[in-house]
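Below you'll find the structure, written out as structure tokens, and then a few comments.
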Protein chains: 2
Amino acid sequence: MNKEASNKVYIEIVKKIRTMIVEDGLKIGDKIPSERELSERLQVGRSSVREALRALELLGLIETRRGEGTFLRDARGNQLVQLLSTFILQDEKAKEDVKDTLQFIEMDCLRLVLQRNNVEQIVSFRKTLESINVSDEEFFLKMIELGDNHLMYRIWIILSNFYRSLNFQEEPYSKSKYLALLDALLLGDENVVLDKYLQLRKLST
Amino acid sequence: MNKEASNKVYIEIVKKIRTMIVEDGLKIGDKIPSERELSERLQVGRSSVREALRALELLGLIETRRGEGTFLRDARGNQLVQLLSTFILQDEKAKEDVKDTLQFIEMDCLRLVLQRNNVEQIVSFRKTLESINVSDEEFFLKMIELGDNHLMYRIWIILSNFYRSLNFQEEPYSKSKYLALLDALLLGDENVVLDKYLQLRKLST
DNA sequence: TATACAGCGTGGTCAGACCACTGTCGGAAT
DNA sequence: ATTCCGACAGTGGTCTGACCACGCTGTATA
């Protein structure tokens, strides 16, 4: 009982791998030790190491390449999304939930942008948008960056990948509505911002 | 190239397990076949089966009990939460993000409740709340139920577990503010609802 | 009848083997 | 000297068999 962490070797391995990553200052894209080396360094069987790695892989935190090695990954949409989408989304209601939730999250992001009130960057981004085209994904990634909330970022990434994997109809691209949304953000009125968002998403006139 | 799913046996196993669950109509708490039986039925090595199961376990979708078996799990806060919290939440800013995001989600849930406008259930719940005490968690679980969005439910579960694991100060329990929030919901004015929520969370006077 | 024990099935772990794939390094051909 | 190609070492992917620890259950015993 003294050792709370007695059970689940592979969980311990996951923690040690994390410690290793932090201590060695490994960054995204870096290679982590091979399975055999980890097995030796941690004094556990290779199969246990693999169980830990497979779990991390499914979470999207690492990426394994046969013949090359295992690498830290820029955790975004991944196996987890695919998996959850098949496990969770088994009916049409669930799909609607994804759509609704994604839109709630996007509106929350816009509220965050309003809170931060980083006028300069919004103006800068507006100029960029005038000169070149950006995809819907790029637009909201920018919004989330302006909102400066990493957790919200991760949630949005997952949900938007969910959404795309569900094959809803893809709305046509309309730059003017994005510009209008940015203008509303500069105005600073939440209701106007949300109204512009809903227009963008074709949810109101 | 015809077989897209060629690589990653353990991913295939995960999918097959899911199929098995659906076809056999297994429910939460039910036992799934043993590792050895799965190994035989799917014609793969037991270690591959284990890799798939460990991944599912880390996701919180199953629960393994030594000497008993493997069971479908009521997927709520779990290893995934613990793990992500150590992987992601490495600075104070991240903790603030959790707090902010959780509150955004909760407000979104309240907006959903407003949309559904299920007056009867709100009134019913209000009477319950008058007679007995409910925890903050129970209160918002009810709100999410009224919002009727399972995905939002899952997100909230994860975030609230995150939040609790971060050891923020626990605000005192104040039943009157919960009642006021319910009354606002019955009124149907979003601004009033959100105002009451912020009072509940001590974010405004 | 009530208790204790042995056996069986389960997950947990390890070691070793083999395969497929990748990058490299040196030798051979040009 | 340069280019090309094949052997080789390292890596992940998978399978097998073995043993342990634990929980349950049925039976034999007190």
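None of the values given here were measured: they were computed from a predicted structure. Residue numbering restarts at 1 for every chain, and letters A, B, ... go by the order of the sequence lines.
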Self-check item: Heavy-atom side-chain proximity of B:Leu110 to B:Lys196 below 4.5 angstrom
Solution: no

Quiz item: Got a sec, which residues hit salt bridge (Lys or Arg N to Asp or Glu O under 4.0 Å) with A:Glu138, two or more places apart in sequence or on another chain?
Solution: none

Practice problem: Check the angle between the aromatic planes of A:Phe125 and A:Phe139 and answer parallel, tilted or perpendicular using the 30° and 60° thresholds. | Solution: tilted

Would you tabulate the side-chain donor-acceptor contacts of residues 141-148 of chain A under 3.5 Å, counting partners in other chains and residues two or more places apart, or write 'none'?
none

Practice problem: Report the distance from atom CG of B:Leu53 to atom C1' of C:dT10, rounded to the nearest whole Å. | Solution: 12 Å

Pair up each side-chain donor or acceptor in residues 20-27 of chain A with any protein partner under 3.5 Å, not counting sequence neighbours, and list the distances.
none

Quiz item: Atom CD of B:Glu63 and atom C1' of C:dT10: how far apart are they, to the nearest Å?
Solution: 14 Å

Quiz item: Tell me: CZ of A:Arg46 to P of C:dG16, nearest whole Å?
Solution: 13 Å

Quiz item: What is the distance from CZ of B:Arg50 to P of C:dA15, rounded to the nearest Å?
Solution: 15 Å

Quiz item: Which of these nucleotides, C:dA15, D:dG12, C:dG12, is closest to any side-chain atom of B:Thr64?
Solution: C:dG12

Self-check item: Residue-phosphate contact under 4.0 Å: B:Ser48 side-chain N/O, D:dC15 OP1/OP2
Solution: yes

Quiz item: When you measure from every atom of DNA chain D, which of residues 30-45 of chain A have a heavy atom less than 4.0 Å away?
Solution: A:Ser34, A:Glu35, A:Arg36

Exercise. Starting at atom OH of A:Tyr10, determine the distance to atom P of C:dG11, rounded to an integer number of angstrom.
Key: 14 Å

Self-check item: Between C1' of C:dG9 and CZ of B:Arg65, the distance in whole Å
Solution: 15 Å

Quiz prompt | Contact under 4.0 Å: A:Thr70 side-chain N or O vs D:dG12 OP1/OP2 | solution = yes

Quiz item: Roughly, in whole Å, what's the span from CD in A:Glu51 to P in D:dG12?
Solution: 16 Å

Practice problem: Report yes if the side chains of B:Val113 and B:Asn118 come closer than 4.5 Å at any heavy-atom pair, otherwise no. | Solution: no

Self-check item: Protein-nucleotide distance (A:Arg54, atom CZ; D:dC15, atom P), rounded to Å
Solution: 13 Å

Self-check item: Distance (rounded to the nearest 0.5 Å) between A:Ile13 CD1 and A:Tyr10 OH
Solution: 10.5 Å

Quiz item: Does B:Arg201 pair with B:Asp136 as a salt bridge, N-O distance under 4.0 Å?
Solution: yes

Could you write out each protein N or O paired with an N or O of nucleotides 21-26 of chain D at a distance under 3.5 Å?
| unit_1 | atom_1 | unit_2 | atom_2 | d |
| --- | --- | --- | --- | --- |
| D:dA21 | O4' | B:Arg66 | NH2 | 3.3 |

Quiz item: So which pairs with a foot in residues 29-38 of chain A pass side chain to side chain donor-acceptor pair (under 3.5 Å), sequence neighbours left out?
Solution: A:Glu35-A:Arg46, A:Glu35-A:Arg50, A:Glu37-A:Arg41

